[in-house]
Amino acid sequence: LVGKDVSFITGRAMALDEEGNISVLINQSIQKIRYDYLVIATGCGYATPIRPVESKLESRLSSISKCKKKVADSTSILIVGGGAVGVEMAAELAWCGKKVTLAT
């Protein structure tokens, strides 16, 4: 990720708001982080949109298309969770030119 627009922070997510901000506790201080798209990657279990809710191909393709558009339209992406999935997503999105914040 050298040379890419990636920030790495260690903290505890405290709150989300509807304006696209997350409040994170870092070193006894609350910081607000702005994002266009939020990825929560907090462990080996995963939820939608990565894990399909329906098994029908048409529904799955539609879900993937919507997710792809949201990511394409975003300039900054916040990933909550620094495990294998979170780190891989951060690297892939940074490689595509997105500003990424990886919070663990």
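These values consider heavy atoms only, across backbone and side chains, with no hydrogens, waters or symmetry-generated copies. Predicted model only: the values in this text are computed from it and were never measured.
Screening residues 62-71 for salt bridge (Lys or Arg N to Asp or Glu O under 4.0 Å) gives Lys69-Asp73 as the qualifying pairs, with residues at least two apart or on separate chains. Annotation: salt bridge (Lys or Arg N to Asp or Glu O under 4.0 Å) contacts involving residues 74-89, sequence neighbours excluded, are absent.
Looking at Lys98, its side chain never comes within 3.5 Å of a backbone N or O of Glu92 through a donor-acceptor pair. Without hydrogens or angle criteria, Arg12 side chain to Ile26 main chain gives no donor-acceptor distance under 3.5 Å.
Within the 4.5 Å cutoff, the side chain of Tyr35 has heavy atoms near those of the Leu16 side chain. Looking at heavy atoms from C-beta onward, Thr101 lies out of side-chain contact with Ile79 at the 4.5 angstrom threshold.
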Derivation of the side chain to side chain contact (heavy atoms under 4.5 Å, CB included) call for Asp5 and Val100: CA-CA 6 Å; Asp5 196 2; Val100 178; over 6 Å; no

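Ser76 is linked by a side-chain hydrogen bond (donor to acceptor under 3.5 Å, both in side chains) to Asp36, counting only residues two or more places apart in sequence or in another chain. For Asp17, the side-chain hydrogen bond (donor to acceptor under 3.5 Å, both in side chains) test picks out Asn21, with sequence neighbours left out. Every residue meeting the side-chain contact (heavy atoms from CB on, under 4.5 Å) condition with Ile30, not counting sequence neighbours, appears here in chain and number order: Met14, Ser23, Leu25. Applying the side-chain hydrogen bond (donor to acceptor under 3.5 Å, both in side chains) test to Ser62 and every residue at least two apart in sequence or in another chain returns nothing.
Residues Gly81 and Leu102 approach most closely at O-CD1, 3.3 Å, considering heavy atoms.
Atom-to-atom distance recorded for Leu78:CG and Leu93:CG is 11.5 Å, nearest 0.5 angstrom.
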